[in-house]
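Each remark here refers to the structure printed beneath this line.
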2 protein chains.
Amino acid sequence: MLPKALDYESLNENVKKVQYAVRGELYLRASELQKEGKKIIFTNVGNPHALGQKPLTFPRQVVALCQAPFLLDDPNVGLVFPVDAIARAKHYLSLTSGGLGAYSDSRGLPGVRKEVAEFIERRDGYRSDPELIFLTDGASKGVMQILNTIIRGEQDGVRAMVIINPGNPTGQCLSEANLKEILRFCYQENLVLLGDEVYQQNIYQDERPFISARKVLLDMGPPISKAVQLVSFHTVSKGYWGECGQRGGYFEMTNIPPQTVDEIYKVASISLSPNVPGQIFLGLMVNPPKPGDISYDRFVRESKGILESLRKRARIMTDGFNSCRNVVCNFTEGAMYSFPQIRLPPKAIEAAKKAGKVPDVFYCLKLLEATGISTVPGSGFGQKEGVFHLRTTILPAEEDMPAIMASFKKFNDEFMDQYEDYGGYSRM
Amino acid sequence: MLPKALDYESLNENVKKVQYAVRGELYLRASELQKEGKKIIFTNVGNPHALGQKPLTFPRQVVALCQAPFLLDDPNVGLVFPVDAIARAKHYLSLTSGGLGAYSDSRGLPGVRKEVAEFIERRDGYRSDPELIFLTDGASKGVMQILNTIIRGEQDGVRAMVIINPGNPTGQCLSEANLKEILRFCYQENLVLLGDEVYQQNIYQDERPFISARKVLLDMGPPISKAVQLVSFHTVSKGYWGECGQRGGYFEMTNIPPQTVDEIYKVASISLSPNVPGQIFLGLMVNPPKPGDISYDRFVRESKGILESLRKRARIMTDGFNSCRNVVCNFTEGAMYSFPQIRLPPKAIEAAKKAGKVPDVFYCLKLLEATGISTVPGSGFGQKEGVFHLRTTILPAEEDMPAIMASFKKFNDEFMDQYEDYGGYSRM
């Protein structure tokens, strides 16, 4: 019998080849174990609310009111919502054409794109044009839109360079000098730069504050500032917001010709519109409460609390890894991840081969079974031949952190005891 | 100088070739006119809230509470929200792993997928498996996911058949006999059937109630019921909900092998998760208030009000078109569209050619400039050679409908006066 269109043998081969480690074998095994009743600590993906981070109150109040506009006329609304949240909800509703239930323009609400442009201007000191800003269902959807436009066919290499700053999976921050070097390279090699800057609020050291690729580019002046094509991405999913489930994001284009912008708009229009509540969250992120607003103090207190705790957790985690046998880990300077290197003994590598597993997958699976800690093997991101890592988020609750690191250490000690002998790698 | 990756000449040729009439030339011109201050009636896209349809109260209350979970502990919450909305919000929050701000599983929340399966079982009388239901950011995202999986490369034809029932753009409903014929054809020709059933609640006649492709397929019995691969789509954007901006939808797979389901899951996981508020709306749509619930009467009153008004508008609109010179229109039996045929006189076709426009685009542009009514030319959907249509939604407010149809009639009369003579098409 002929295979049907949705039989496995008929499927797009590229679909079959796709690997996505963050939700790959480890995640699927973790989900199974969870179903069987095991307690799983999901540190495989940067999903702060799933690990107990509370949402910021003010933006949630505003979006709740936008969802329930009939409350704006309710005489009791002031008993449960502050006046500045009510005013903001009215503001955002006035930017829509029919509330949250109406499709927006496919690039997102013009009024929110204007607020994004103003935010970028304040941040970088250079004018930003709302017409070059597209709102998206989270940053990853924006990246897909751009890649679909760039990549012409199966034979195409990607002509583009991608930076994630602050970095995922390594948690490192780029200096201005790093960024200049990258931009000069893009200029010389005629490459588009895709700047994933979703972690720009997640900085845990003071030596290298966040600086946007766009600011560095424009600071460099002509000819580079007029030549390098740059697309920058941001989201409400990270920072101290962590509103992953709302799917709100944007990208901004620099030095992209108008005809190309039109094509990207056309393709975006087939998806009709990014979700509108996510657009409101984005507006609130780039335009938070100001000093003097009733909700300002609370907003600052909540934001600071989250950032300071993340900073402490980054420290506890990297120190914890560095106290473990055969584990070395750079300090998590920013973003949400630690990326320790695990120096696997030859016997462990052999055992992995026998089990038909990549060595770091083998290690991470054992870690998962023993401790419930769900991580991503470094091989999922690509790493130097013969070197092994894992990626974990720094997101478990601060008070749980010591126990998690102790549990990791115990597992790692036992693992190394089992696979290490005097001929082992780490003793050479 | 070498073109850069995002210069127009470097772009993916398929991107350049894409056409999407619903937000194409007509829509762009309408947006321009709106900016210039002209009043535009956007009937180009099924976007009910943009034309004044009010959201249903109960689902908005529930989602507002899910966005603001701190209200659930507020002693005053009962003053502004009914108890069943509060209970439902708690229910949906219990299905998430961290509220609306946490990514869900890439297939959507398991608890909501279970509610969808129960809805399908009640509707069709056959068991439905939540593992074969994926939640999506609106139905169109689901269609893209499936097409990406089916289509193997540029050389591939689409091996699949698509039905939209009730129909877009024609507003027709398929009978059980029609569906049987289609399914038999798919069986014989080894085609996947993609069943866009997003308008299943939008029925404006009693002769042909909605019947799902899945029910008909399973009713047919083996071998057909076990063989035809079917993917059915649904959404919160249509029906009496019209929650387009929330981007909530699902697809259900029938006779799709598990290995293929795994591949679709893998690809979905790269997009992390559909927006979570949209998933809650979907849960509410398939599991609305029940008799005895405090919010039941209001919910039924609001839903019925919208559907009855749509039914009246379908009648006003098709009768209106049929009263116009050289215009014929089938009754809008379902969905949200009228698709009148415009019998353009030869002189109008000539004038269009001179202006470098497809004839129906020429007509629709003139209509837009004269009346502000923004429609989609039939050529955007494909139509028989030499025959011309336009698509309009039936969504303008009921009280505005007579004036809109009068304005259309006036324009059409003047257009026909200008381009029709005794040698003209309609007098032959």
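Chain letters run A, B, ... following the sequence lines, proteins first and then strands; every chain starts at 1.
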Looking only at heavy atoms, the pair that brings A:Thr260 and B:Asp7 closest together is OG1-C, 3.6 Å
Any side-chain to backbone donor/acceptor pair from B:Arg247 onto A:Ser273? Under 3.5 Å, distance only.
yes
Heavy-atom distances under 4.5 Å only: say whether A:Asp74 touches chain B with side chain, backbone, both or neither.
side chain
Within the structure provided, determine whether A:Cys244 and B:Leu272 are in side-chain contact (heavy-atom separation under 4.5 Å).
no
Max heavy-atom pair count under 4.5 Å with chain B, selected residue of A:Gln279, A:Lys141, A:Gln246
A:Gln246
Do B:Phe70 and A:Gln61 have side chains that approach each other closer than 4.5 Å (heavy atoms only, starting at C-beta)?
yes
Verify, without hydrogens or angle tests, whether B:Gln229 (side chain) and A:Leu6 (backbone) share a donor-acceptor contact under 3.5 angstrom.
yes
B:Gln145 meets the side chain to side chain donor-acceptor pair (under 3.5 Å) criterion, sequence neighbours left out, with none
Keeping B:Asn47 on the side-chain end and A:Tyr103 on the backbone end, is there a donor-acceptor pair under 3.5 Å?
yes
Using modelled atom types only, decide if a donor and an acceptor are shared between the side chain of A:Arg60 and the backbone of B:Gln67 within a distance under 3.5 Å.
yes
Does some side-chain heavy atom of B:Asp137 sit less than 4.5 Å from a side-chain heavy atom of A:Asn275?
no
Could you look at A:Val45 and say if it's the side chain, the backbone, both or neither that has a heavy atom under 4.5 Å from chain B?
side chain
Taking B:Lys266 for the side chain and A:Lys16 for the main chain, is one N or O donor matched with an acceptor at less than 3.5 Å?
yes
What part of B:Tyr8 gets closer than 4.5 Å to chain A, counting heavy atoms only: side chain, backbone, both or neither?
both
